[in-house]
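Have a look at the structure below before the remarks.
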2 protein chains.
Amino acid sequence: MKDMIKKLKEIGLKVTPQRLAILEIIKGDRTHPSAEKIYDRISRKYPGLSFATVYSTLSKLVGVGEIQELDIDPNKKRFDPYTSVHWHFYCKTCKKVYDVDYDSSLTPGIKKIGGHQIDSIQLNFKGVCKHCTHK
Amino acid sequence: MKDMIKKLKEIGLKVTPQRLAILEIIKGDRTHPSAEKIYDRISRKYPGLSFATVYSTLSKLVGVGEIQELDIDPNKKRFDPYTSVHWHFYCKTCKKVYDVDYDSSLTPGIKKIGGHQIDSIQLNFKGVCKHCTHK
DNA sequence: TTGGATGCAAAAGATTTGCACTCCC
DNA sequence: GGGAGTGCAAATCTTTTGCATCCAA
């Protein structure tokens, strides 16, 4: 909790109960939740929380690099609080997003490509996950 | 035109004027258009074309691997008729998607990762493109 | 002829916005 | 006190769906 307060202050955002709850929920969540999933989980504890607040907070956290927005689920945005380098696998059947480590000699620091300035890189694998395959 | 008819028959889809128009428009289009852009371009020639037809045809073409659906634009699906191996750069400013070649020793044939079966791979770079940077 | 394809409009799902009220700093 | 933050509902945007009609094979 102390951590979250400190983090928000560092970022320059006002500390509110809603934001603390959002940070607390997503940090440590390795399921790559959508905005709706995050809203669901929090509104159990904080009835009255609104979507607008969730979206606005998530968007601010993405803006400062505190969490990452994933473009891997074709139907919605997914969020990842884990910011160190890793990649993702999306299961077309169960819609789960898995972290994958893949050492591809990829990107160790490329900042430009084709003359374009790179801010972020996503390597997305898609298919059917091992759990769905075995059913 | 002959090509398109042949292609549709190979795929096993009925040959209709709408589908021919869609194929004709997207093949050779290197702008990674969204469904709406495709609809716009075609409906100039074919008034009365419906969104439902565009979406349904695109989805069938994706299904047979004739075109690729890109998860890179956070706001909508983009389509790519160019099926050989290459990657993409998305400009956060102008929203254009550029093709990029990046030989990363990446993927030359990995079929599984973390035990999951891989169908497709996308490597997405994001940032500000050279044209937007220079403005 | 007949099942797949189309057009239209309505519906669904995700995200954003406007605005009045609230409360953190 | 003032401005950022919040809640609510309506609006927007993209994509899907239901259904009657149509047409390619």
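Chain naming here is simple, since letters A, B, ... match the order of the sequence lines and numbering starts at 1 in each. If you're wondering where the values come from, they're calculated on a predicted model, not measured in any experiment.
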When the distance from [atom1] of [X] to [atom2] of [N] is rounded to whole Å, what number comes out?
X       : N      : atom1 : atom2 : result
B:Tyr55 : D:dG18 : OH    : P     : 17 Å
B:Leu58 : C:dA5  : CG    : C1'   : 15 Å
B:Leu49 : C:dT6  : CG    : P     : 9 Å
A:Gln18 : D:dA4  : CD    : C1'   : 12 Å
B:Tyr46 : C:dA5  : OH    : P     : 17 Å
B:Phe51 : D:dT15 : CZ    : C1'   : 10 Å
B:Lys9  : D:dA24 : NZ    : P     : 12 Å
A:Ile42 : D:dG7  : CD1   : P     : 11 Å

Problem set entry | Near-strand residues of residues 63-78 of chain A, defined as heavy-atom separation under 4.0 angstrom from DNA chain C |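 Contacts with DNA chain C under 4.0 Å: A:Asn75, A:Lys76, A:Lys77.
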Problem set entry | Pair A:Asp80 + A:Arg30: basic N to acidic O under 4.0 Å |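 Between A:Arg30 and A:Asp80 there is a salt bridge, with a charged N closer than 4.0 Å to a carboxylate O.
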For this session: Look at A:Asp29 together with A:Lys37 and state whether they make a salt bridge at an N to O cut-off of under 4.0 Å.
Result: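 Answer for the salt bridge query: no.
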Exercise. Judged by atom type as modelled, is there a donor-acceptor pair below 3.5 Å linking the side chain of A:His32 to the main-chain atoms of A:Val97?
Worked result: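 Yes; judged by distance alone, with no hydrogens or angles, the pair exists.
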Exercise. Do B:Gln122 side-chain atoms and B:Asp71 backbone N/O form a donor-acceptor pair below 3.5 Å?
Worked result: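 Yes: the side chain of B:Gln122 pairs with the backbone of B:Asp71.
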Exercise. Can B:His116 and A:Tyr98 be said to form a ring pair (Phe, Tyr, Trp, His ring centres under 6.0 Å), step by step?
Worked result: CA-CA 9 Å; B:His116 311 303; A:Tyr98 297 85; 4.3 Å; yes
With a cut-off of less than 4.0 Å, is there a side-chain N or O of [X] near OP1 or OP2 of [N]?
X       : N     : result
A:Thr16 : D:dT6 : yes
A:Arg19 : D:dT6 : yes
A:Thr53 : D:dG7 : yes

Exercise. Taking all atoms of both residues into account, what is the closest heavy-atom pair of B:Pro47 and B:Arg44, and its distance?
Worked result: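 That closest heavy-atom pairing would be CD-O, 4.5 Å.
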For this session: Check A:Ser34 against A:Lys76 and note the closest heavy-atom contact, atom names and distance.
Result: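 Heavy atoms only, the tightest pair is CB-CD, 3.4 Å.
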Exercise. Given that A:Glu36 and B:Gly12 both sit by DNA chain C, which one's nearest nucleotide is further toward the 5' end?
Worked result: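 Comparing both residues, the 5'-ward one is B:Gly12.
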Exercise. Starting at the 5' end of DNA chain D, which residue's closest nucleotide do you reach first, B:Ser34 or B:Lys14?
Worked result: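 Nearest nucleotide further toward 5': that of B:Ser34.
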Exercise. Counting any heavy atom closer than 4.0 Å, what does B:Lys60 reach on the DNA or RNA strands: base, sugar-phosphate only, or nothing?
Worked result: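 Here B:Lys60 touches the backbone only, sparing every base.
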Exercise. Quick one: which of C:dC8, C:dT15, D:dT6 gets closest to the side chain of A:Ala35?
Worked result: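 Of the candidates, C:dT15 comes closest.
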